[in-house]
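Worksheet: the structure to be examined is printed underneath.
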Amino acid sequence: MVRLGFIIGFIALIGALLSSLAAYRVHEQEVTLDGIALARAIDVHASLVQDRLTERELLARVASGLFRAPSVVKANMLQPLRTSIYAFKADFVVASWIARLKPDELEAARAVLKSSGFTDPTIRDFDDRPLDLKAIDKPINVLMDLEPRSAETLGFPGRAYERHSVIAPVLTQAIESGKPVASDPIPLLHKSGPVGIVLAAPVFQEGSSEAVGFVTFSYELATLMLTNDDQSLFSVVLKDPRDANDEFVANDQGAVTLQAVKPEGPAPSMVRTVTFGGRDWSLGYYAKSSAVVRAQQTAAIVAAIGLALTGIVCGLFGYVAYNNLRLSREIQVRIGFERRLTAVIDELNHRVKNILAVIQSIVTRTLRHGSDMDVSRELLIGRIHAMSNVVTLLSESQWQGVKLKGLFESRAIPHADRIAVNGPDIAVSARAAQSLSLLFFELASHSDEGLSLVGKHPHIVANWEISGEEPDTVFHFRWEEFNTSAATRREDSDFGLILLDRVAPEALGGTAKRYFTDVSYVYELTAPMVTVVDMSERDRTEQLSAPVRPVK
C-alpha cells in the first residue's frame with residue numbers, strides 16, 4: 001500500500017505540473033487574442049464614426065456650395081435645398097440658414113419673418129431677450145429659416161447669435177477658415193434638450209470673399225459618435241474638448257450625460273481620434289468585460305481538465321485501494337440509513353405525542369364537570385372525527401399539506417353540504433390543517449340551533465382570500481352564519497373559546513375576532529400566508545389547556 005501510494009502521488013504531481021503549464025500558456029494566448037479582437041473592433045467602430053462624420057461634413061460643404069444668397073433678404077431661403085439635403089442625409093435635428101444682416105436690413109428681415117408665418121418675427125437675442133436695433137452698428141448673425149418646421153422650432157427664427165458663448169465663436173471661425181466648423185457639445189432645441197453638435201458652413205457672396213451667412217446642421221451626439229452595438233466588446237465615451245477630466249456618455253435610450261472622470265477609476269482600454277468640423281475629437285473605449293478574467297476562466301477550465309485526466313490515471317492505479325474503501329463506504333451507508341430511520345421514528349413519536357395531547361385536551365375540555373353528557377358525547381365524537389379526518393388526509397399526502405377545500409368536503413364537518421365555500425384551493429401545512437379542521441368543526445357544530453335557509457341561498461358562508469405582494473401576502477378567512485343571533489346560536493364551549501380566540505390564530509401567527517351583526521354571527525381570522533403554508537411543524541398543543549382569555 002505504501003509503494004502504491006507513492007506511485008499514485010508521483011503521477012499526481014507530474015499531472016498537476018503539466019496542467020499548470022498548459023493553463024499558463026492558454027492564459028497568455030487568450031489575453032493576446034482578446035486584445036487583438038478588441039483592438040480590431042475598436043478600429044472598425046472608429047472608422048465607421050469617421051466615415052459618418054465625413055458624410056455630414058460633406059453635406060454641409062455641398063449645401064453651402066449649392067446655396068445662392070440673394071442680394072436682398074427674402075423668405076424660405078432653404079427651399080431650393082430641401083430636396084437635396086434630405087436625399088443625402090436626413091438624420092440632423094435642425095438644418096438652418098443664419099443670415100449675416102447689416103443694420104439697415106434688420107427691419108426688412110423682421111417683415112420677411114412675419115410674412116413667413118414664424119411665431120415671433122422680432123429680431124432678438126439668442127435667449128429671446130429684446131435687442132435695441134438702433135444701437136446695432138455692425139452686421140449680426142440672425143436665424144432666418146430652418147428645417148424641419150414644427151411647433152417646437154417655429155419660434156426660433158429671429159434670434160441673433162452674436163453673444164452666444166458657443167455658436168458665436170463657431171460662426172467667427174467659419175468665416176476665417178472658409179470651411180465648416182463644429183461647435184462644442186451643447187443642448188439642442190432647448191436647455192434640457194438632447195446633447196449635440198452644431199456644424200456651421202459659411203456661405204459667400206458669389207465672386208466675393210464676404211460671408212453673407214451660414215448653413216448649419218445640428219446632430220445628436222449619441223447617434224453621431226457614441227452609437228454602439230449592444231453586443232459589442234466595449235462602450236464608447238467622448239472626451240470633453242473643454243475639460244479633459246470630463247467625458248460624455250450615452251445610455252441605452254440615447255440620452256447623453258456629462259460625467260467626471262474618477263482618478264481611481266479604470267483608464268480607457270484605447271483612445272481613438274476622429275476629425276469633424278475642422279477639429280479633433282477623442283473617443284475613449286472601455287472594455288465591457290475583462291480579458292484577464294476571461295483568460296483566467298479559460299485557463300481554469302484547462303487546468304481542471306488536466307487535473308481530471310490526472311485523477312483518472314491515478315484512479316486506475318488506485319483500484320486496489322478503492323476495493324478496500326468500498327467496504328468502509330457500505331458500512332457508512334448502513335449507519336446513515338439507521339440514523340435516518342431513527343430520525344423518522346422520532347418524528348413519528350413527536351407527531352403521535354402531539355395528536356394524543358390534542359385528543360387529551362379535547363376529552364378533558366369536552367367532558368368537563370357539569371356539562372350535558374349527550375351534547376358532550378356528540379361534540380367529543382365530532383372533534384375526534386375531525387382530528388382523525390385531517391390525519392387521514394395528511395397521511396395520504398405524506399404530511400406535505402392538505403387542500404383547504406378538502407377539509408370542507410370531508411364528512412367530519414357538520415352541515416358541510418349547507419356551507420357555501422368560496423376561495424382559492426391552496427395547500428396548507430400539516431400544522432395549519434389540524435388547527436383549521438378543529439376550527440371549522442367548532443364553528444359548524446354550534447350553528448345548528450339557528451340553522452335555516454333564506455330562499456335558495458345557503459345559511460352559512462365560508463370564504464377566504466389572499467392579499468398583498470410576495471413575501472408579505474396575508475390570509476383572510478371569514479365565517480358568517482346568517483339568521484343567527486346571540487339568542488339562537490348555541491353558546492361556545494370552554495374548549496371552543498380557547499380554540500377560536502387563541503389556539504387557531506396563534507398557531508398560524510395571526511389574529512381572530514368574533515362578533516354578532518344585526519343578521520348574522522361572524523368569525524374572522526387573519527394570518528401571514530407564510531405561516532399558513534409553512535411545512536415546518538410548531539408544537540402549540542399545550543395551549544389547549546391554558547385558561548380562557550376574553551377577546552378584546
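Note that the numbering runs from 1 along the sequence shown for the chain. Keep in mind it's a predicted model, so treat the numbers as computed, not measured.
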**OP:** Indicate whether any N or O donor in one side chain lies under 3.5 Å from an N or O acceptor in the other, for Glu524 and Tyr515.
**Re:**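 Yes, because at least one side-chain N or O of Glu524 sits under 3.5 Å from a partner of the opposite role on Tyr515.
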
Original post:
Any side-chain donor paired with an acceptor under 3.5 Å for Thr511 and Thr526?
Top reply: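 No.
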
Between [X] (side chain) and [Y] (backbone), is there a donor-acceptor pair under 3.5 Å?
{"X": "Ser520", "Y": "Thr517", "answer": "no"}
{"X": "Thr122", "Y": "Gly158", "answer": "no"}
{"X": "Ser183", "Y": "Ile167", "answer": "no"}
{"X": "Arg56", "Y": "Arg52", "answer": "yes"}
{"X": "Asp184", "Y": "Pro241", "answer": "no"}
{"X": "Asp125", "Y": "Asp128", "answer": "no"}
{"X": "Thr473", "Y": "Glu470", "answer": "no"}
{"X": "Arg272", "Y": "Asp43", "answer": "no"}
{"X": "Asp425", "Y": "Lys405", "answer": "yes"}
{"X": "Tyr523", "Y": "Leu500", "answer": "yes"}

[X] and [Y] ion-paired at < 4.0 Å:
{"X": "Asp501", "Y": "Arg514", "result": "yes"}
{"X": "Glu107", "Y": "Arg110", "result": "yes"}
{"X": "Asp127", "Y": "Arg163", "result": "no"}
{"X": "Asp104", "Y": "Lys102", "result": "no"}

Subject >> Mutual orientation of the aromatic rings belonging to Tyr219 and Phe217 [parallel < 30°, tilted 30-60°, perpendicular > 60°] >> reply: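 Aromatic pair Tyr219/Phe217 classed parallel.
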
Original post:
What class does the angle between the rings of Tyr161 and Phe126 fall in, given that below 30° is parallel, 30 to 60° is tilted and above 60° is perpendicular?
Top reply: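 Parallel, since the angle between the ring planes stays under 30°.
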
Original post:
Considering residues, nucleotides and ligands other than Asp518, do more than 12 of their heavy atoms fall under 6.0 Å from its CG?
Top reply: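 Incorrect, the count does not exceed 12.
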
Subject >> Pairing residues for Tyr521 by the ring pair (Phe, Tyr, Trp, His ring centres under 6.0 Å) criterion, not counting sequence neighbours >> reply: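 Applying ring pair (Phe, Tyr, Trp, His ring centres under 6.0 Å) to Tyr521 gives Phe516.
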
**OP:** Apply ring pair (Phe, Tyr, Trp, His ring centres under 6.0 Å) to Phe440 and list each qualifying residue two or more places apart in sequence or on a separate chain.
**Re:**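 Once residues adjacent in sequence are excluded, the partners of Phe440 under the ring pair (Phe, Tyr, Trp, His ring centres under 6.0 Å) criterion are Phe408, Phe477.
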
Original post:
What distance do Thr275 atom OG1 and Trp281 atom CH2 have between them, rounded to the nearest 0.5 Å?
Top reply: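 So the OG1 of Thr275 and the CH2 of Trp281 are separated by 11.0 Å.
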
Original post:
For Ser192, what residues pass the side chain to side chain donor-acceptor pair (under 3.5 Å) criterion, not counting sequence neighbours?
Top reply: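 Counting only residues at least two positions away or on another chain, Ser192 forms a side chain to side chain donor-acceptor pair (under 3.5 Å) with His190.
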
